[in-house]
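Heads up: the structure comes next, in structure tokens.
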Amino acid sequence: MLLSTVDHLTAQIDKLGRLVARTLEEITTPPGSTGAGDEAVAVSARTLAEKLDAVPGIGPTTAQIILAEIGADMSRFSTPEHLVSWAKLCPRTIQSGAKNTSGPAGQGNLWLKDALGKAANAAARADTFLGTRYRRIVKRRGHAKTLAAVARSTLVIAWHLINDPDDSYQELGADWHRRHLDPARKTRDLVRQLRTLGHQVALSPTSA
């Protein structure tokens with residue numbers, strides 16, 4: 001009986017897999033979103049899913065969920081920030097008189113947020129740009145808020161890949177922040193940390 005159950009569930013999974021594959025071929029970008037003139041063609045969601053799969057943390061299933069929830073037509077979201085706001089992944093500011101405080105972002109699309117959260121959790125362990133981003137932010141923001149920040153970055157990347165089907169994901173590298181470090185800003189951060197620990201700091205430039 002157990003083996004029959006396994007066979008039945010395997011057949012169901014295979015059937016759903018074929019249905020998903022067929023649906024991915026039916027969902028396409030708007031005609032004219034890539035190419036020019038007579039060369040403008042629609043791109044299938046299957047092709048977009050393969051491109052999303054190249055993003056750290058996003059696997060085939062996560063890519064399919066993202067496309068199922070936001071579609072392949074990014075004209076509905078004029079900018080990546082618009083998409084992030086729709087997904088409720090951006091901080092919400094609550095204003096009361098002259099006082100501004102941050103509040104919960106909202107519920108948003110639970111299927112999309114769950115998929116992006118799992119992708120962010122996987123990317124956080126990788127030696128990539130997104131992984132380094134997680135490790136830089138988590139020190140001061142905590143695990144939950146940092147995962148939301150990485151999920152937001154992942155969704156921005158997805159918007160660009162879907163909006164321009166000719167684009168492909170380019171890994172910036174785990175050392176991107178170090179290579180683009182602002183020495184003055186880093187100095188201010190370190191001085192502030194030392195003063196918080198109760199030290200007096202006096203800086204003098206090193207001799208050339």
Side-chain angles (χ1 to χ4, degrees), residues 20 23-24 27-30 33-34 43-93 102-181:
V20 168
T23 303
L24 287 175
I27 300 175
T28 62
T29 58
S33 61
T34 182
V43 178
S44 70
R46 180 184 61 80
T47 301
L48 296 176
E50 292 174 353
K51 295 203 313 175
L52 291 174
D53 189 20
V55 180
I58 295 182
T61 301
T62 302
Q64 294 168 6
I65 294 174
I66 292 174
L67 288 168
E69 299 305 323
I70 68 177
D73 182 6
M74 289 298 100
S75 63
R76 297 182 299 164
F77 307 105
S78 56
T79 63
E81 290 76 18
H82 184 190
L83 175 59
V84 167
S85 178
W86 174 83
K88 304 298 185 193
L89 283 173
C90 59
R92 184 164 66 98
T93 301
S102 60
Q107 189 172 13
N109 186 309
L110 295 181
W111 292 100
L112 179 61
K113 293 181 76 172
D114 179 68
L116 290 172
K118 292 177 179 177
N121 202 33
R125 298 190 293 269
D127 189 24
T128 60
F129 170 80
L130 291 175
T132 301
R133 176 170 172 76
Y134 171 86
R135 290 184 286 274
R136 283 170 56 88
I137 300 176
V138 72
K139 300 174 184 178
R140 62 182 186 276
R141 302 295 291 175
H143 177 70
K145 291 183 177 180
T146 305
L147 279 186
V150 176
R152 183 163 57 248
S153 298
T154 303
L155 188 56
V156 169
I157 294 171
W159 183 92
H160 284 285
L161 293 178
I162 298 172
N163 185 60
D164 187 351
D166 292 330
D167 278 350
S168 59
Y169 178 74
Q170 302 293 327
E171 172 58 43
L172 297 177
D175 62 342
W176 187 89
H177 292 94
R178 181 178 56 79
R179 288 186 284 109
H180 294 78
L181 179 67

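Bear in mind the structure is a predicted one, so any value in this text is a computation, not a measurement.
- Within the 3.5 Å criterion, the main-chain N or O of I70 finds a donor-acceptor partner in the side chain of R76.
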Next item on the list: Test R135 against D127 for side-chain contact (heavy atoms from CB on, under 4.5 Å), laying out the working first.
Entry: CA-CA 10 Å; R135 290 184 286 274; D127 189 24; 4.1 Å; yes
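- Note that CD1 of I66 and CG of L48 are 11.5 Å apart. Values are rounded to the nearest 0.5 Å.
- The minimum heavy-atom distance between A123 and L130, with the atom names listed, is CB-CB, 4.1 Å.
- Under the side chain to side chain contact (heavy atoms under 4.5 Å, CB included) rule, V156 has a single partner from V84, T79, L89, L83, which is V84.
- Interatomic distance, CD of E171 versus OG1 of T128, reported as 5.0 Å (0.5 Å rounding).
- T29 places a side-chain N or O within 3.5 Å of a backbone atom of V43 that can act as its donor or acceptor partner.
- Note: Y134 OH to H143 NE2 = 4.5 Å, rounded to the nearest 0.5 Å.
- Between D175 and R178 a salt bridge is recorded (basic side-chain N to carboxylate O distance below 4.0 Å).
- The shortest heavy-atom contact between L172 and R179 is O-NH2, 2.8 Å.
- With R125 contributing its side chain and G131 its backbone, the two residues share no donor-acceptor pair below 3.5 Å.
- Atom OG1 of T61 is separated from atom CD of Q64 by 5.5 Å, given to the nearest 0.5 angstrom.
- Of all non-hydrogen atoms in Y169 and A54, the two that sit nearest each other are CD2-O, 3.6 Å.
- Across every non-hydrogen atom of A63 and L52, the tightest pair is CB-CB, 3.8 Å.
- Counting heavy-atom neighbours within 6.0 Å of K51 NZ, excluding the residue itself, gives a total above 12.
- Between the S85 side chain and the E81 main chain, no donor and acceptor come within less than 3.5 Å of each other.
- Looking at every heavy atom in both residues, A151 comes nearest to A120 through N-CB, 3.8 Å.
- A pairwise comparison of heavy atoms in L67 and A45 identifies CD1-O, 3.3 Å as the closest pair.
- Summarising the geometry, atom CZ belonging to R152 is positioned 10.5 Å from atom NZ belonging to K113; distances are rounded to the nearest 0.5 Å.
- Taking the six-membered ring wherever Trp is involved, the centroid distance between the rings of F77 and W159 does not fall below 6.0 Å.
- Note: S168 OG to L161 CG = 7.5 Å, rounded to the nearest 0.5 Å.
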Margin query: With side-chain contact (heavy atoms from CB on, under 4.5 Å) as the criterion, how do F129 and I157 come out once you've worked through the C-alpha distance, each side chain's angles and the decisive distance to 0.1 Å?
Written below: CA-CA 12 Å; F129 170 80; I157 294 171; 5.8 Å; no
